[in-house]
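Below: one structure, written as C-alpha cells.
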Amino acid sequence: MKNFTQFLFLVAVLLIGVGRVQAQGILTTGAHAGGGDALAPASVVSPDSIYVNTDSRPAFTGGNVALTTYLTKNIRYPEAALRQHVSGRVYVSFVLNREGRVTDAHVVRGPGYGLNEEALRLVWLMPNWAPARQQGQAVRVACTIPINFDTQH
C-alpha cells in the first residue's frame, strides 16, 4: 500500500510538472506572455458568426431618411388597430446577411391588434441594406428597429 501511495504521489507530481510546462509553453508562445512587446494576432472574421458590434454598421440604402420614407409609403394600418385607436411602437429584430438581406425577422415587443404583423411584413419587404463590415469583410449582423404606429397620422 505504501508503494502504491508513493506511485500515485509520483504520478501527481509528474502531471503537475507537465501541466506547468504546457501552461508556460502557451504563455510564452501566445500573443502576450505578460510584458513582452508582442502584438495580439488579428482576430479572424467568421462568416458564420452573427455580429452585434461591427467596425461599420449596416445602412439602409439612402440612410435613415430613406428608411422613414420607405416605412411611411408602405405601411398599411390594420383595421383592428384603427377601430380600437391603438397606437404604439413595435420592435422588430432581424439578421442582415452578408449581402444586406433581411433574415430571421421576429417581433420582440409590440401592442398587438395587427400592428406586430404589419411591422414584420414591412421588415421582410425592405430592400437590401449596405452590409455591416468587420475588418473590411461583409458580415452578418443582428439588428433591432422600432416601427412607430400612430392613429393621428
Side-chain angles (χ1 to χ4, degrees), residues 12 15-153:
L15 288 176
I16 292 170
V18 170
R20 283 187 186 149
V21 170
Q22 288 176 343
Q24 288 173 349
I26 290 169
L27 286 175
T28 57
T29 59
H32 185 63
D37 289 329
L39 295 175
S43 60
V44 177
V45 174
S46 170
D48 296 327
S49 294
I50 297 174
Y51 291 81
V52 176
N53 293 316
T54 54
D55 294 341
S56 69
R57 297 290 302 155
F60 189 83
T61 304
N64 289 336
V65 172
L67 176 58
T68 302
T69 302
Y70 163 79
L71 294 172
T72 304
K73 281 176 131 177
N74 294 291
I75 199 166
R76 291 190 235 148
Y77 217 99
E79 284 297 319
L82 282 174
R83 278 193 303 273
Q84 297 292 322
H85 302 285
V86 176
S87 296
R89 184 175 289 165
V90 179
Y91 292 90
V92 180
S93 283
F94 54 94
V95 173
L96 288 174
N97 68 13
R98 290 186 299 271
E99 291 79 37
R101 283 191 302 262
V102 171
T103 64
D104 304 324
H106 64 280
V107 172
V108 175
R109 185 176 70 210
Y113 293 90
L115 298 179
N116 297 359
E117 292 78 8
E118 177 59 11
L120 200 54
R121 183 189 73 82
L122 289 167
V123 168
W124 277 116
L125 294 176
M126 280 193 291
N128 289 359
W129 293 47
R133 296 203 170 273
Q134 185 70 21
Q135 296 177 3
Q137 296 180 30
V139 294
R140 299 188 319 159
V141 65
C143 301
T144 300
I145 62 168
I147 299 177
N148 295 314
F149 291 86
D150 188 358
T151 57
Q152 303 301 321
H153 291 93

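Below, all heavy atoms of this structure are taken into account, side chains as well, without hydrogens, waters or symmetry copies.
A heavy-atom distance below 4.5 Å is found between the side chains of V139 and V45. Considering only heavy atoms from C-beta on, F149 comes within 4.5 Å of I75 through its side chain. Contact of the L115 side chain with the P78 side chain is registered, since non-hydrogen atoms from C-beta on lie closer than 4.5 Å. Side-chain contact between P111 and N116: present, with at least one pair of heavy atoms (C-beta onward) separated by less than 4.5 Å.
A donor-acceptor pair is defined here as one N or O able to donate and one able to accept, closer than 3.5 Å; such a pair exists between the side chain of T61 and the backbone of N128. With S87 contributing its side chain and T151 its backbone, the two residues share a donor-acceptor pair below 3.5 Å. Counting only distance, with no hydrogens or angles, the side chain of Y77 and the backbone of E118 share no donor-acceptor pair below 3.5 Å.
Y51 and V44 get closest at one heavy-atom pair: OH-O, 4.3 Å. Residues M126 and F60 share a closest heavy-atom pair of SD-CE1, 4.0 Å. Taking both residues in full, the closest heavy atoms of R89 and N148 are given as NE-OD1, 2.6 Å, listed atom of the first, atom of the second, then distance. Minimum heavy-atom separation, I50 to A142: CG2-N, 3.7 Å.
Heavy-atom contacts from other residues, nucleotides or ligands closer than 6.0 Å to CZ of R109 number 12 or fewer.
Separating the CG atom in L67 from the CH2 atom in W129 is a distance of 5.5 Å, to the nearest 0.5 Å. Going from atom CZ of R140 over to atom OG of S46 covers 8.5 Å, rounded to the nearest 0.5 Å. Atoms OH and CG, on Y70 and L122 in that order, are 5.0 Å from each other to the nearest 0.5 Å. In this structure, CG in L96 is found 10.0 Å from OG1 in T54, a value given to the nearest 0.5 Å.
Within the structure, salt bridge (charged side-chain N to carboxylate O under 4.0 Å, His left out) contacts touching residues 47-57 (residues at least two apart or in different chains) do not occur.
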Residues 98-105, side-chain donor-acceptor partners within the protein, below 3.5 Å, at least two apart:
{"from": "R98", "atom 1": "NH1", "to": "P47", "atom 2": "O", "distance (Å)": "2.5"}
{"from": "E99", "atom 1": "OE1", "to": "N97", "atom 2": "ND2", "distance (Å)": "3.3"}
{"from": "T103", "atom 1": "OG1", "to": "V95", "atom 2": "O", "distance (Å)": "3.0"}

